[in-house]
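The structure appears right after this line, and notes come after that.
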Amino acid sequence: MNDDIEKWKFAVDNERLIDLVQSGKKKATCSIYDGTCDRVGSKSIITYDNEENACLIETCDNIVCKFNDVIWEVAKLEGETDTLEEWKEIHYNFFKSIDSSFNKNTVVLIEIFKLLDVYDKHTHMF
């Protein structure tokens, strides 16, 4: 495995969200857009809270839009909620808690990814 591959964690509920990725339910993640995004085809490793590797993913697409313009067909790829309204409420409250200037017109990045492999804790390999 290439040591240059980016490693990262989800900002909240990391372990639960990793379970959703590994089960195939979570295929996207959303963040406040900072002007950068992963290149389509790039790979990264999501890590557990203890820094151990959890899974290897590949970026399939990036969607940059205003928070208010996120549609259900995209939001449901996160695999976390049952309705767009619920998704927006949870994400709005979270983003507002980390950035007081966040509003419905703030630009967000939705990274769509596919699970390539799950890390084996026993062999320490993908």
Side-chain angles (χ1 to χ4, degrees):
M1 183 61 49
N2 187 337
D3 290 332
D4 295 335
I5 292 180
E6 175 191 9
K7 293 185 177 190
W8 59 278
K9 297 179 205 170
F10 293 105
V12 64
D13 294 332
N14 186 53
E15 306 283 323
R16 181 180 69 83
L17 296 179
I18 286 171
D19 287 344
L20 290 175
V21 171
Q22 291 178 339
S23 71
K25 293 179 184 173
K26 183 169 181 64
K27 299 172 184 165
T29 191
C30 183
S31 59
I32 297 173
Y33 184 57
D34 66 2
T36 64
C37 55
D38 288 337
R39 178 181 48 81
V40 171
S42 67
K43 296 176 177 70
S44 62
I45 296 171
I46 305 171
T47 63
Y48 290 108
D49 289 334
N50 67 4
E51 306 296 331
E52 285 193 26
N53 296 338
C55 46
L56 177 68
I57 62 167
E58 180 179 329
T59 300
C60 299
D61 198 6
N62 292 299
I63 298 171
V64 177
C65 64
K66 291 180 183 178
F67 178 80
N68 209 41
D69 292 340
V70 175
I71 59 173
W72 178 235
E73 287 70 22
V74 173
K76 71 181 178 183
L77 294 174
E78 284 211 75
E80 300 172 43
T81 58
D82 295 323
T83 67
L84 180 60
E85 293 75 23
E86 182 185 12
W87 182 92
K88 285 189 175 183
E89 179 181 352
I90 290 169
H91 284 76
Y92 182 89
N93 291 337
F94 171 70
F95 291 141
K96 191 73 171 174
S97 77
I98 60 172
D99 180 352
S100 62
S101 67
F102 183 84
N103 63 66
K104 293 179 180 181
N105 290 314
T106 300
V107 177
V108 295
L109 166 67
I110 300 169
E111 178 185 346
I112 300 170
F113 57 81
K114 66 180 175 182
L115 176 64
L116 296 178
D117 212 345
V118 174
Y119 190 74
D120 185 319
K121 292 181 184 179
H122 302 292
T123 65
H124 301 285
M125 298 177 71
F126 283 104

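In the hydrophobic clustering, Ile98 connects to Val12, Ile32, Ile63, Phe67, Val70, Ile71, Trp72, Val74, Leu77, Leu84, Trp87, Tyr92, Phe94, Phe95, Phe102, Val108, Ile110, Ile112, either directly or through intervening members, whenever side-chain heavy atoms lie under 4.5 Å apart. Connectivity analysis of hydrophobic side chains (ILVMFWY, heavy atoms under 4.5 Å, direct or indirect) links Ile90 to nothing; its cluster partners are none.
Sorted by first and then second residue, the salt bridge (Lys or Arg N to Asp or Glu O under 4.0 Å) pairs involving residues 79-88 (not counting sequence neighbours) are Lys26-Glu80. Residue pairs meeting the ring-ring contact (aromatic ring centres under 6.0 Å, His included) criterion with at least one partner in residues 37-59, sequence neighbours excluded, are absent. The side-chain hydrogen bond (donor to acceptor under 3.5 Å, both in side chains) pairs that include a residue from residues 58-68 are Thr59-Glu111, where partners are two or more places apart or lie in different chains.
For NZ of Lys27, the number of neighbouring non-hydrogen atoms (other residues, nucleotides, ligands) closer than 6.0 Å is 12 at most. Heavy-atom neighbours of Glu89 CD from other residues, nucleotides or ligands within 6.0 Å: at or below the threshold of 12. The 12-atom threshold is not exceeded at NZ of Lys114, counting heavy atoms of other residues, nucleotides or ligands nearer than 6.0 Å.
The NZ atom of Lys9 sits 8.0 Å away from atom CG of Asn50, with the distance rounded to the nearest 0.5 Å. Rounded to the nearest 0.5 angstrom, Asn53 CG and Ile18 CD1 are separated by 10.0 Å. For the atom pair Lys25 NZ and Leu115 CG, the distance stands at 14.0 Å (nearest 0.5 Å).
Looking at every heavy atom in both residues, Lys96 comes nearest to Ser101 through NZ-C, 4.4 Å. Nearest heavy-atom pair across Ala28 and Glu78 is O-CG, 3.5 Å.
By the rule that hydrophobic residues join a cluster once side-chain heavy atoms approach within less than 4.5 Å of another member, Val118 and Leu56 end up as members of separate clusters. Under a hydrophobic-cluster definition in which Ile, Leu, Val, Met, Phe, Trp and Tyr are linked whenever side-chain heavy atoms come within less than 4.5 Å, directly or via other members, Leu116 and Tyr119 are assigned to the same cluster. One hydrophobic cluster, built from ILVMFWY side chains closer than 4.5 Å, cannot hold both Phe113 and Leu109; they sit in different ones.
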Side-chain donor-acceptor pairs under 3.5 Å in residues 36-46, sequence neighbours left out?
unit_1 : atom_1 : unit_2 : atom_2 : d
Thr36  : OG1    : Asp34  : OD1    : 2.7
Ser42  : OG     : Arg39  : O      : 2.7
Ser44  : OG     : Trp8   : NE1    : 2.9

